[in-house]
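Below is one structure, written out as structure tokens; the observations come after it.
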Amino acid sequence: MQLDSQAPQKPRTATLEAFADTIVPGEKRFPGDRAIAGAAPGGGAVAAGAIALLEMPEGGMEPMLDDLSAALDAHALRYRAEHGLGTDEGAPAFVTLASADRVALVEELTRPGHPEKVMWTGLALFCNMAFDTGAHLHTTDALAAGHVGLAAIGYRAPDTDGLWRFPDYSYGRPLARVHPDTDPSGSLA
Amino acid sequence: MTATENTDVLVIGSGFGGAIAAYHLAAGGARVTVLERGPWLAADEFDHDFRLGSSSTRVFEFVVGDGMSVLSGNCVGGGSVVYFAAMPRAPRFVFERQGSLGRRMWPASMNRDTLDPWYDRVAEALPISPPQWDEATYAGGLWAAACHAAGHTANPLPAAIDNALCTNCNWMMSGCHFDAKRSLLLNYLPAALAHGARIRPLHEVQQISRTDSGDYRVHYNQIDEADYRVVTGSGTIDAKIVVVAAGAAATPVILQRSEAVLGPMPHGVGRYFSGNGERLNTAVLDEDKVRDLLGLSRAQGAGYAANQIGRGPTVATWDYLDGSRPEFERYSLEQLYFPPGLGTILAQVPDATGPAWFGAQKKQMLERWQSWLTIFTMSEDDNEGVFGPPPATGNSDRISQQMLGLGTIGYRPTANTRRGWDLSDASVREILERDGLSRVMPWTNDVVGAYTVHPLASCRTGDDPATSALDDRHELRGHPGIFVTDGSAVPGALTVNPAFTIAALAERAVPGIMAALRERGVDVSYGAPAPDGGTSARRATDRIAARLMR
């Protein structure tokens, strides 16, 4: 798979991709892909569109992304120093971390009591949302395009009019005794 | 120059508390204006779409606080548009709860017997469909069968849903495209409009002040229809009576912001918030065992694999709603559905060797999503939520154009609350992990804190002025003519879905508001039928209403 050569990548993108890939990991897009750690088969949050979702005006995150990316790299530099990992100037600092170290750092930043917890859990929620719902796309378009997250969860397609209907929805029989104190309205007496 | 408008009654919010009051007061002859901060959508605008900017974010609020996140409606119709329409009455013991007060929390005038006639009025108005097993969805049926196998009872739920119109699409949280859900858009609100009430969407109330003549003046901002962070205008409306029904996550904030001009608020404003003791567990089912242990199979041969199919909750076990159990140890366990996103992010991986809510193992868990079963605990929390100072506008600092904001609720669950959660987690495991049927984990509270879809009690009724903001007629203590009729008036957790109780309390509050209007010289009369003209429930409340108006 080719990177999109039309749009030059913003400096922050690799860092944000590496963060998104820590939340929902996926396979590398090309040999030498550093942003994606390759910690899981199939596409992850990045392939699902996490960067597009983070950059959507509707989400309100875009104005914060440069700062978040810089802060994440600063945390990664500190992490490298604390863990004696030496220096690696071949990529943004968070990208240089191995998968297990990215996970450890994200766990630290999102732990209750961390002063920046709201920022990092917020960023994580958008990455999750990209994979679980493809919220930057109309869902019918996402399904038609084979959105990797919706495919992974097995989200079923709608009827031809783009609406969901499940005429087959019930086992259709009593499956338990009801509570002995149930009143005629169906509530507890 | 713009003259200040005036009306007899200004209603803030158009959910159950606002719509019910608006209907009866308009039908009784009052001039009623409803200000609703969210948009006004109809069925064909309720999308089946996860995209930001679709109805899933236009009509829904997700306010992240400090230790508590609140999910609620944000549109004309309020919570009724986005809710799951499960309508059980609160169990009898709930009204006798003491919480940590050491005495009864509810006003002496309120108990299940005195509230039943008001429940009946709501049941007629919406209306509510009786529970039926053949309307229980696969997820509900699975939960029933698992409860039965573990020696428990389970009940199909009464619901405000027209089953003939429902497609079991499970998009209820985006509003119902098929008008199967009997939201307030189909009953109280159109009836209020027919009686001359005016509803203004995208009008967010900032504060309430006094006029020189002793009326109230309500200050509002107009909100952009796509970007709710943008204020497009502002204005004021004077009213003899104000009904605050902005929802339990917003009503106290408006009152807090008004304190500087109205004078001190009762201690209970913005305190005693309850999240209805809510908690979620997600089970990942072993499909073979669904067939082998429970004898369930679908037409296509699958045992279950139907997480996506349905209409929210359809079955609950009420075995733990036993009034003889100690307080804080009673809870209902209800099968539930949340769409992906809100319904997946906080779920945790059983036996995780790394992070439980994100990462590679979570991705593997997501691949079994159709075999997930989500179980909803509604327990007795300790009313431990407290609101911080109000934000500049609304009830949160908005991050996104719609839906997501940072609010001011602080919530530190007490040992009582945590005990209920722990016991309910154990009950869910006992039922669903039996013989290897599934693996179960509670949702994490470490990401956005605890969470609730049923905010309550932040401006509650009671008999003790020290611990309740409202008297038993829902009038705000020390501020005559301001009434609160939404979920914030409910004294505490209900252990079941609260919409029906909120609505019944709103019905009960109306005669008192009528009396206050009459005292202010407005010629109104109480006694409107149900919104469709039905009168079968009215007879029982007529005499009670007369007492409430004295």
Side-chain angles (χ1 to χ4, degrees), chain A residues 22-25 39-40 44 53 56-61 103 106-107 110-112 118 121-122 124-125 128-129 131-140 142 149 152-156 158 162-180 182 185-189, chain B residues 48-53 64 88-89 91 123 130-131 133-138 141 144-145 147-148 152-158 167-171 177 296 298-299 308-310 318-319 321 340-341 344-345 354-355 358-360 363 366-367 369-370 398-402 404 406 446-448:
Chain A
T22 309
I23 302 303
V24 188
L53 180 61
M56 269 178 97
E58 289 90 335
M61 294 294 284
V103 168
V106 171
E107 284 192 294
T110 57
R111 196 167 289 145
V118 173
T121 52
L125 296 184
N128 272 309
M129 201 162 37
F131 187 81
D132 299 3
T133 70
H136 58 304
L137 301 170
H138 291 297
T139 304
T140 48
I153 69 171
Y155 200 79
R156 293 192 178 89
L163 298 171
W164 275 258
R165 298 174 186 83
F166 295 106
D168 175 17
Y169 61 89
S170 175
Y171 295 111
R173 63 183 193 273
L175 287 163
R177 290 174 296 109
V178 299
H179 194 286
T182 306
S185 78
S187 298
L188 283 183
Chain B
H48 289 187
D49 198 344
F50 294 126
R51 190 187 188 281
L52 302 187
V64 179
R89 299 179 190 216
W133 278 113
D134 56 8
E135 292 297 338
T137 59
Y138 289 122
C147 287
H148 183 70
H152 289 282
T153 70
N155 281 48
L157 294 168
T167 69
N168 289 283
C169 67
N170 253 336
W171 282 95
H177 188 84
L296 298 178
R298 292 174 47 201
Q308 187 181 345
I309 300 172
W318 293 329
D319 283 357
L321 295 184
T344 48
I345 290 170
F358 71 90
K363 187 182 179 189
L366 283 166
E367 287 164 0
W369 179 75
Q370 288 286 7
R398 288 188 177 277
I399 295 171
S400 303
Q401 291 184 1
Q402 301 165 0
L404 182 62
L406 297 177
D446 288 347
V447 177
V448 294

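Order of the sequence lines fixes the chain letters, A, B, ..., with proteins taken first and strands second; residue numbering starts at 1 for each chain.
Side-chain contact between B:R51 and A:M56: present, with at least one pair of heavy atoms (C-beta onward) separated by less than 4.5 Å. Looking at A:L163 and B:C169, their side chains never come closer than 4.5 Å, going by heavy atoms from C-beta outward.
Both the backbone and the side chain of A:I153 come within less than 4.5 Å of a heavy atom in chain B. There is no contact between A:P158 and chain B, counting heavy-atom distances below 4.5 Å. Heavy-atom distances place both the backbone and the side chain of B:W318 under 4.5 Å from chain A. Heavy atoms closer than 4.5 Å to chain A are found nowhere in B:V64, neither backbone nor side chain. When heavy atoms are compared at a cutoff of 4.5 Å, A:A142 does not approach chain B at all. The part of A:H136 that comes within reach of chain B is its backbone (N, CA, C, O), which places non-hydrogen atoms under 4.5 angstrom from that chain. Looking at B:L366, both its backbone and its side chain come within 4.5 Å of chain A, counting heavy atoms on both sides. With a 4.5 angstrom heavy-atom cutoff, A:A152 touches chain B via backbone and side-chain atoms both.
Nearest heavy-atom pair across A:P25 and B:G359 is CD-C, 3.5 Å.
Side-chain atoms of B:D49 come within 3.5 Å of backbone N or O of A:T139 as a donor-acceptor pair. A donor-acceptor pair under 3.5 Å links the side-chain atoms of B:S400 to the main chain of A:G59, judged by distance alone. Formation of a donor-acceptor pair under 3.5 Å by the A:N128 side chain with backbone atoms of B:F358 is not found in this model. A donor-acceptor pair under 3.5 Å is formed between the side chain of A:S187 and the backbone N or O of B:R89. B:D446 contributes no side-chain N or O that, together with a main-chain N or O of A:P112, makes up a donor-acceptor pair within less than 3.5 Å. With B:N168 contributing its side chain and B:I309 its backbone, the two residues share no donor-acceptor pair below 3.5 Å.
Not a single side chain to side chain contact (heavy atoms under 4.5 Å, CB included) links A:S170 to another residue, sequence neighbours left out. Residues forming a ring pair (Phe, Tyr, Trp, His ring centres under 6.0 Å) with A:Y155 (at least two apart in sequence, or on another chain): A:W164, B:F50, B:W369.
Note on A:T140, A:L53, A:L125: by heavy-atom pairs under 4.5 Å with chain B, the leading option is A:L125. Ranked by non-hydrogen atom pairs under 4.5 Å with chain B, the options A:V103, A:D132, A:T110, A:V24 are led by A:D132. Put simply, of A:A135, A:A124, A:G134, A:G44, the one with the most heavy-atom pairs under 4.5 Å next to chain B is A:A135. Heavy-atom pairs under 4.5 Å with chain B peak, among A:R111, A:R177, A:M129, A:R156, at A:R156. Contacts with chain A were tallied for B:K363, B:H148, B:H177; B:K363 has the most, counting heavy-atom pairs under 4.5 Å. Most heavy-atom pairs under 4.5 Å with chain A: of the set B:L157, B:L321, B:T344, this distinction falls to B:T344. For the options B:P130, B:A360, B:P355, B:P88, heavy-atom pairs under 4.5 Å to chain A are most numerous at B:P355. Options A:G154, A:G162, A:A39, A:G122 differ in how many heavy-atom pairs under 4.5 Å they form with chain B, and the most are formed by A:G154. Per-residue heavy-atom pair counts under 4.5 Å with chain A were compared for B:G310, B:C147, B:P91, B:A145, and the maximum is reached by B:A145. Interface summary for chain A: among B:Q402, B:Q370, B:E135, the most heavy-atom pairs under 4.5 angstrom belong to B:Q370. Ranked by heavy-atom pairs under 4.5 Å with chain A, the first of B:D134, B:L296, B:V448 is B:L296. Each of A:R173, A:E107, A:H138 has some count of heavy-atom pairs under 4.5 Å with chain B, and the biggest count is that of A:H138.
Under the 6.0 Å cut-off for aromatic ring centres, B:Y138 and A:Y171 qualify, their centroids lying closer than that.
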